[in-house]
Protein chains: 2
Amino acid sequence: MAKPTDTKIANLQDLADLAGVSRATASRALNDNPVISEKTREKLQALAKSHGYSINQKARDFRLQRTSVISVVFMLDIASEQHMSDPFFLDMLGGIADALAEHNYDLLLAHAPVEDVLELRNNRVMQQSDGTIFIGQAQQHGQLNELAEDDTNMVVWGYPVRDKSYVVVSGDNAGGGYASTKHLLELGRRQIAFFGSVDNPENAARHEGYLKALGEYGLDGNPERMVDVPFEMHRAREVIKEMVESGIDLDAAVCVSDVVALATISTLQELGLEVPKDVAVVGYDDISLAAYSNPPLTTIRQNIRHAGRILVESVLGQIQGEHVPDTMLASELVIRKSSGAG
Amino acid sequence: MAKPTDTKIANLQDLADLAGVSRATASRALNDNPVISEKTREKLQALAKSHGYSINQKARDFRLQRTSVISVVFMLDIASEQHMSDPFFLDMLGGIADALAEHNYDLLLAHAPVEDVLELRNNRVMQQSDGTIFIGQAQQHGQLNELAEDDTNMVVWGYPVRDKSYVVVSGDNAGGGYASTKHLLELGRRQIAFFGSVDNPENAARHEGYLKALGEYGLDGNPERMVDVPFEMHRAREVIKEMVESGIDLDAAVCVSDVVALATISTLQELGLEVPKDVAVVGYDDISLAAYSNPPLTTIRQNIRHAGRILVESVLGQIQGEHVPDTMLASELVIRKSSGAG
DNA sequence: CAAAGTCTTGCAATCGATTGCGTTAGTTTC
DNA sequence: GAAACTAACGCAATCGATTGCAAGACTTTG
């Protein structure tokens, strides 16, 4: 609403002059410093509002020796060609952006080829930000640990591996892998494949959950049924084709992501197999398209937006000097038609 | 590789002391100011490098009265529930982030409910950034214009509507709509529907292209075959169902996005129709999943990452005081099986 | 009434870099 | 050899806010 008057207020001094007080008093008044009398404080805050004056954040940050910037690093494995267009990332980014905005922080977006995470140290990403959020730890646990050593505020979305010096927020990967596999087993499937690369701890945990569920049914993971492909879909397609054509028995597939699952479904259909009649498929992430594929995709839902918020609260907590524990978010099996149920 | 010695260099003064020059000289030397002798310059730059000193960007920005921040605003139409998880957005964001990083700018991410775009004026988004990139103009052309009036550096990804005061980067929407429709016509389809809301100028332009192609074949757009639904997919599904069930003739559909197209395909399949045999479908955007759906989706490809770069160059150009013209990016028809070709 | 507290507020240094202007030393010109 | 330049560098103000310390105005206490 702000009814601006004629006088332009460009900085704190102007405001102070207008109110007939010193810059110092104006500063304290706007910051609700209790040492200032209520009368003065209200007067100044009202004046500021009515003149549409808001403090110069950059100057403030400069004086306070902070940046009000949190950097977000997407770990990219160039080799495996996983890239940011996976819808999963954007959901998470949305959650992060919202949470940061609420706390008056800016977002510095970067993506790092996993080979040189340490390079970030000489980069604005880490030098000129108050904290860093890593999305995915890829295979760089060691490097991340090194970064954590030099007392940076950082949090990683990934898997709580042993002997780590950084804080981790994770989904329940083992639980997710277990739940989806168990679901397929309960539907009577026995020849269950695992599709997706396990070269990072998160997927490895999902694979463990998968093995655990199989074990409970007296089965073990037949390596022939494990397609250890990166996220890149051309490759996945080829490998699945080879596998089916080489006659390996298969009546279900657990996939490490919805994108892999959707590609899997379309590959299977192309090969003349019916989903879920011949092969049931379960994905991971519940991206928005999952409900609209044909057949609709059974998947593991992680509340990714919420995860983004948790990540933010974690870094900000560290900045405040708090001791921040790891967090694991529950995941949920969303049953749709592709798994044969529904 | 920086071989740090014992002396810690925290600021320019330290560096100057070490080199035995004044702070002023050090500053100019690092900024390649020609008034400094080559000898001195090289000495200081070498010293800075060997001690791992890099300038404090925030202090520099403060002094230079700038922010080194560009804000990116995603226009969200809450009502229509279009949200950031559309993969399209992330690709563009990636392009923007990369380009900004190259120019040493930070990215401030925000999304604005379209109702109160003007609110951004009192927000860090516009107050504490050097420029703003809007993704999508939704129905807020007027408000964007108002923002543009008060000499902000801004560029909009959208459609070059008439009488606008802001710079626009756009895809060739009319051309895209025309190309996809013409493709279907050439394949012999005549009952071509248009799926997607035209409440924003971009989609309206695609619709115009659609009509133009139909016109060339002596057809006109039967309003019954136009499904004016927002991006939200539940609704789309219902409406398509109603339409098919009410017996409207239909042998092809032009969709305003791949997400709509994929939902359309799965709805049609659910209704017992074959794609592309009974109904051919064309999407828009060429998101990564488009190639992996079943059948693979024919679509219009826009080089979205590149568009991101153009957007960045446009704002940065404005900051430099250049006159920046609008840009239109070519689009390309990617033919896959869903259209009946392939 | 003087001494001792309270409350409020102001003074001035400070964060780290940039830059107009002045100064010094060296070079050229006549 | 003095005047006039030129090249290279230093001095100090400046950007806008915060904050330790001191000081002024009152109030309370003995």
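Residue numbers start from 1 in every chain, and the chains themselves are labelled A, B, ... in the order their sequence lines are given, proteins ahead of strands. Note that the coordinates shown come from a computational prediction; the quantities given were computed from them, not determined experimentally.
- Rounded to the nearest 0.5 Å, atoms NZ (B:Lys58) and CG (A:Asp61) are 7.5 Å apart.
- Here CZ of A:Arg23 is found 11.0 Å from CG of A:Asp14. Values are rounded to the nearest 0.5 Å.
- Rounded to whole Å, atom P of D:dT14 lies 20 Å from atom CG of B:Leu12.
- Protein atom CG of B:Asp14 is 9 Å distant from nucleotide atom P of C:dA17, rounded to whole Å.
- Rounding to whole angstrom units, NZ of residue B:Lys39 and P of D:dA7 are separated by 17 Å.
- If you check residues 54-67 of chain A against DNA chain C, the residues with a heavy atom closer than 4.0 Å are A:Phe62, A:Arg63, A:Gln65, listed by number.
- For the atom pair B:Thr132 OG1 and B:Ile70 CD1, the distance stands at 7.0 Å (nearest 0.5 Å).
- In this structure, B:Asn11 does not reach the C:dC15 phosphate: none of its side-chain N or O atoms is under 4.0 Å from OP1 or OP2.
- Under the 4.5 Å side-chain criterion, counting only non-hydrogen atoms from C-beta, B:Tyr159 is not in contact with B:Val168.
- Distance B:Leu44 CG to D:dG10 P: 10 Å, rounded to the nearest Å.
- One finds a side-chain N or O of B:Thr40 lying less than 4.0 angstrom from the OP1 or OP2 phosphate oxygen of D:dC9.
- If you check every strand for non-hydrogen atoms under 4.0 Å, B:Asn33 touches nothing.
- No more than 12 heavy atoms of other residues, nucleotides or ligands shown are found within 6.0 angstrom of CD on B:Glu38.
- The bend of the helix from C:dC1-D:dG30 to C:dC30-D:dG1, defined by the angle between the axes of its first five and last five pairs, stands at 50° to the nearest 10°.
- With 3.5 Å as the limit, one finds no donor-acceptor pair spanning the side chains of B:Glu149 and B:Asn145.
- Where B:Ala24 and A:Ala24 meet DNA chain D, the nucleotide closest to each residue was compared, and B:Ala24 sits on the side nearer the 5' end.
- Atom CD of B:Glu38 and atom P of D:dA7 are 15 Å apart (whole Å).
- Of the possible donor and acceptor atoms, none in the side chain of B:Asp326 sits under 3.5 Å from a partner among the backbone N and O of B:Val167.
- OP1 or OP2 of D:dG10 has at least one side-chain nitrogen or oxygen of B:Thr25 nearer than 4.0 Å.
- When rounded to the nearest whole Å, the span between CZ of A:Arg41 and P of C:dC7 equals 14 Å.
- Going from atom CZ of B:Arg23 over to atom P of D:dT14 covers 14 Å, rounded to whole Å.
- Contact annotation: A:Ser27 reaches the phosphate of D:dT18 (side-chain N/O to OP1 or OP2, under 4.0 Å).
- Residue B:Ser37 places at least one side-chain N or O under 4.0 Å from the OP1 or OP2 atom of D:dC9.
- Note that OG1 of A:Thr67 and CD of B:Gln57 are 12.0 Å apart. Values are rounded to the nearest 0.5 Å.
- When the side-chain nitrogen and oxygen atoms of A:Tyr53 are compared with OP1 and OP2 of D:dG16, none of them lie within a distance under 4.0 Å.
- Separation of atoms OG (A:Ser71) and CG (A:Asp130) is listed at 9.0 Å; rounding is to 0.5 Å.
- For A:Arg28 and C:dG10, the CZ to P distance is 9 Å, given to the nearest whole Å.
- Counted by atom type alone, A:Asn31 and A:Arg41 present zero donor-acceptor pairs between their side chains at under 3.5 Å.
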